[in-house]
Amino acid sequence: YIEKLIKEGRYSSLLENIAEQGASASVMEKVMENLASLASSTKHVIGWLIAAFIIGGALIINSAILITIHSRRTEINIMRLVGAKPIFIRLPFIFEAIWYGAAATIIGFLITSILLWCNFLGGWAYFNESGIGVGVIFILELLCAIAVAVLSSMWSVHRNIKKHFLR
């Protein structure tokens, strides 16, 4: 794949110049191996960045839910005294976290779309070449954000409401 991109891309004239100067095929193979190694390293770095953003997003949602729990503690106590089941006390916080995740995804996707439309991030050409639809990426991003929000919210609400209010 990399060899095809280099030979057919905008750098093909450079390869022809190297071939004219008498470079052997082994030099080209080493260049290809180095590019493949660089691509592999880049994928690892991107994977760690994604993990860091997921953890950061979960911590931000956790903090937002903690602030909401603290500000609604009288409502929570009233619900508990009236006899509401714990799931009915927890559900509003989970729905709020889903809203946070969905809103963040929509805002982020709109900003990214504007940057792609203005050709700041290479334009839409990457999506056309890769065969990945923009809608598919949006749906996957939305589902992942909602999953992280729900898990973070459930953990935060369970830990704090159980500890402070449901004794």
Side-chain angles (χ1 to χ4, degrees), residues 1-2 4-5 9-10 34-167:
Y1 177 73
I2 295 173
K4 178 184 169 190
L5 283 176
R10 61 182 173 179
N34 288 339
L35 286 174
S37 172
L38 181 66
S40 175
S41 299
T42 304
K43 286 180 184 178
H44 290 301
V45 169
I46 289 172
W48 283 107
L49 283 173
I50 289 171
F53 280 121
I54 288 172
I55 292 169
L59 290 174
I60 290 170
I61 290 172
N62 187 15
S63 297
I65 295 299
L66 287 176
I67 291 170
T68 305
I69 289 171
H70 183 71
S71 68
R72 294 185 187 169
R73 63 181 178 260
T74 55
E75 295 173 28
I76 294 169
N77 279 329
I78 291 170
M79 290 172 73
R80 195 189 91 213
L81 291 173
V82 171
K85 293 183 179 181
I87 189 68
F88 290 113
I89 296 172
R90 292 180 176 119
L91 273 178
F93 300 107
I94 293 171
F95 286 132
E96 187 171 343
I98 290 172
W99 169 248
Y100 291 153
T105 301
I106 292 168
I107 291 169
F109 195 77
L110 287 174
I111 291 171
T112 304
S113 296
I114 290 169
L115 291 175
L116 286 171
W117 183 69
C118 295
N119 286 329
F120 283 123
L121 300 175
W124 293 99
Y126 174 75
F127 296 106
N128 295 336
E129 292 173 4
S130 66
I132 300 172
V134 177
V136 171
I137 291 175
F138 176 73
I139 297 293
L140 289 174
E141 187 178 345
L142 184 64
L143 291 176
C144 290
I146 288 173
V148 168
V150 167
L151 292 174
S152 175
S153 165
M154 287 174 59
W155 176 69
S156 175
V157 169
H158 175 74
R159 190 186 73 191
N160 289 291
I161 289 182
K162 188 105 172 154
K163 179 169 58 173
H164 296 293
F165 299 107
L166 298 177
R167 292 184 182 161

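Here CG of Leu110 is found 7.5 Å from CD1 of Ile106. Values are rounded to the nearest 0.5 Å. Between Ile94 atom CD1 and Leu151 atom CG the span is 10.0 Å, to the nearest 0.5 Å. Taking CD1 from Ile146 and CD from Glu141, the interatomic distance works out to 11.0 Å, rounded to the nearest 0.5 Å. For the atom pair OG1 of Thr68 and CD1 of Ile61, the computed distance is 11.5 Å after rounding to the nearest 0.5 Å. Expressed to the nearest 0.5 Å, how far SG of Cys144 lies from CD1 of Ile139 amounts to 11.5 Å. To the nearest 0.5 angstrom, Ile98 atom CD1 is 9.0 Å from Leu91 atom CG.
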Please lay out, stage by stage, how Phe88 and Val82 fare under the test side-chain contact (heavy atoms from CB on, under 4.5 Å).
CA-CA 12 Å; Phe88 290 113; Val82 171; over 6 Å; no
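Remark: the backbone N or O of Ser152 is not paired with any side-chain donor or acceptor of Ser156 at under 3.5 angstrom.
Looking at every heavy atom in both residues, Ile89 comes nearest to Met79 through CA-CE, 3.8 Å. Of all heavy-atom pairs between Ala145 and Gly101, the closest is CB-O, 3.7 Å. The minimum heavy-atom distance between Phe93 and Ile65, with the atom names listed, is O-CD1, 3.5 Å.
Around atom CE of Met154, no more than 12 heavy atoms belonging to other residues, nucleotides or ligands sit under 6.0 Å away.
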